[in-house]
Structures are given as C-alpha cells and as structure tokens.
Amino acid sequence: MIKREIPVIGISTEIDIPGRISVKRKYVDAVLQAGGIPFILPFTDNVQILQSVVSFIDGLLLTGGGDISPVIYGESTLPECGECCRDRDDFDYALLRLASERQIPVLGICRGMQIINTYFGGTLYQDLPAQYPSEINHRSPDAFMILQHNVRCLRTGKLYSVTGKESLKVSSIHHQAVKKLACGFKASAFADDGVIESIESDSEHIWGVQFHPELQAVEGDEAMKKLFVYFISQARTLSC
C-alpha cells in the first residue's frame, strides 16, 4: 500500500457529451479545498484497469448526473424517467464494488447516492412529481439556478455528527430519490416532505447525500465544507 500524507480521492466521470469524458469542476475544487488530491477516474469497461485505478485511490466520490436505468432495480421504465446510460451505470457499479471490497470511504452525491442505494438492493422514485407529489420543488427548472430547501438531520446520523446542525439549507437538482432503502443502510436526513436526503451504511464507510454540497462548499458554506473535510479525513486514515 502506498503511504502518503495527502489522500487521493477518485472522482467518477460523466459521458453526457459525445466524445468527451468529463467531471464538473466544483467536485474537484471541493476536494482540493478540503485537503485531498482529486483523481479523475478514466471511463472504461476494462475491469483490470479499474481494479488498478481503485487500488491507487484512498476514497471514492460518486458524482451526479443522469438517471439510473430502472431495469437495474427490477422496474419498468416510466415515461417520466429521464435518459439513462447503461454504460455509466455499469461503470459506477464497478467502481462502487471495487471500493467496497477495499473498504475505502465512499461518498455519493445526488445520482451517486442513488447508485449506492440501487447497488445494494434499494429502489428509486423514477420521477418525484409523478410518484411523490409535494409542494417542495427538488429540481431547478433552470440549469443555472440552484434551488435550496431545508433538510432535517437525525441526531443519530452522520450529517448531524459532521455539521452539528439539525437543519441545513441545501442545493437541490434532482427529480429522482430513494424509494425503498437498501438493506444495511439507514436514512439519516429528510426533506420537509419526507424525501430521503442522506443514507449511510452500517459499516460506516459508505454514505451519500441527495443534494449537492460541492456547490455550496466552494462558495464558503461552512457546513458543506465540513462534509468534504470529514470525507477526506476518512480517506486519510487509510492513506497514512
């Protein structure tokens, strides 16, 4: 095992734009700000390459993006479900499996949390407005406008222990959410309408948030910065 003072955080990538592998800069900036080294993970279906890559990192950040194929969790696709990419689903699942086998810390953001939940046997609301009507708008109608709403943190959960806050104002850009929670996980934060906003594994090293803390962390939000500092500290335990 490589010994280093600064942990390396693998960041999953998107393939939304044909011919490009990309990651949004604020994920990178949030990791840098918290004291980690961001490592952009190459998109590939070559398992041997992924094994080598994951063996190098100290923590895995599963990023946001498009919808997960409902076929993966045993449901027919509803008309309201957005465009899915099975190649990316398989890529994220492979990363999560390898990281889980190594027992390195995993943080899932938005889609990343949904990947965690479905990988371990949970399901999703394919479209909140259609399947879980609410007065809360979880998804901004404008890609450049980040909606914010309140999240209630359970005192027994990771979000509360990390931030010290029972209520958080979070950036929200999603139309899907956890429906059936995966076995071995607990929900530790909720929107005011009951939508699950954070999950964590019983084993402590895998957790996820439905909102986008990186957007607020890089703008100076202290509570959101603490989430990344905590994640980096988890990874540092392995790397040192």
Side-chain angles (χ1 to χ4, degrees), residues 12-18 20-24 26-27 43 61-96 107-152 168-183 185-200 206-216:
S12 66
T13 46
E14 300 181 58
I15 53 172
D16 295 346
I17 302 174
R20 293 188 184 182
I21 297 173
S22 63
V23 62
K24 292 181 175 61
K26 289 191 176 181
Y27 293 115
F43 188 93
L61 177 60
L62 292 171
T63 60
D67 292 350
I68 300 166
S69 174
V71 174
I72 285 182
Y73 48 90
E75 292 188 4
S76 299
T77 304
L78 298 179
E80 295 84 2
C81 185
E83 185 175 350
C84 303
C85 177
R86 284 300 301 271
D87 286 342
R88 188 178 178 198
D89 294 343
D90 293 342
F91 172 65
D92 284 346
Y93 268 30
L95 291 175
L96 179 54
L107 171 61
I109 293 177
C110 198
R111 169 194 160 90
M113 186 181 95
Q114 296 166 6
I115 282 287
I116 291 170
N117 189 62
T118 56
Y119 176 83
F120 287 101
T123 65
L124 303 175
Y125 290 109
Q126 294 183 40
D127 183 70
L128 286 173
Q131 296 180 284
Y132 196 98
S134 167
E135 293 182 357
I136 295 178
N137 184 4
H138 291 270
R139 186 180 194 178
S140 172
D142 182 343
F144 297 99
M145 180 180 71
I146 308 303
L147 286 181
Q148 291 192 338
H149 63 76
N150 290 320
V151 163
R152 295 176 289 105
L168 294 169
K169 184 77 77 173
V170 301
S171 296
S172 187
I173 324 172
H174 66 100
H175 80 114
Q176 298 193 319
V178 169
K179 183 167 64 173
K180 185 186 82 172
L181 187 61
C183 292
F185 283 76
K186 63 180 180 181
S188 55
F190 301 83
D192 289 341
D193 59 3
V195 166
I196 294 174
E197 293 284 342
S198 182
I199 64 173
E200 55 194 75
I206 301 177
W207 59 302
V209 292
Q210 184 57 67
F211 49 91
H212 281 268
E214 79 284 359
L215 299 177
Q216 295 165 256

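Remember, it's a predicted structure, so these values are computed and weren't measured experimentally.
Screening residues 118-136 for salt bridge (Lys or Arg N to Asp or Glu O under 4.0 Å), with sequence neighbours left out, gives no hits. Contacts classified as salt bridge (Lys or Arg N to Asp or Glu O under 4.0 Å) and involving residues 64-76 (residues at least two apart or in different chains) are given here: E75-K179.
Interatomic distance, K169 NZ to Q148 CD, rounded to the nearest 0.5 Å: 6.5 Å. Interatomic distance, CG of L96 versus OG1 of T118, reported as 8.5 Å (0.5 Å rounding). Atom CG of L62 is separated from atom CG of L95 by 6.5 Å, given to the nearest 0.5 angstrom. One distance of note links CD of Q114 with CD of Q210; it measures 4.5 Å at 0.5 Å rounding. Taken to the nearest 0.5 Å, the CZ atom of F120 stands 9.0 Å off from the CD1 atom of I199.
When each of L215, T63, V209 is tested with I109 by the rule side chain to side chain contact (heavy atoms under 4.5 Å, CB included), just one qualifies, namely V209. The only member of Y125, Y132, F190 that meets side chain to side chain contact (heavy atoms under 4.5 Å, CB included) when paired with V195 is Y132.
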* Run the numbers on Q176 and H174 for side-chain hydrogen bond (donor to acceptor under 3.5 Å, both in side chains), then give the verdict. => CA-CA 6 Å; Q176 298 193 319; H174 66 100; over 6 Å; no

* Would D193 and H138 count as a side-chain hydrogen bond (donor to acceptor under 3.5 Å, both in side chains) if you check the C-alpha gap in whole Å, the side-chain angles of each, and the deciding distance to 0.1 Å? -> CA-CA 10 Å; D193 59 3; H138 291 270; 2.8 Å; yes

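Ring geometry for H212 against Y27 counts as tilted: the plane angle lies between 30° and 60°, on a 0 to 90° scale.
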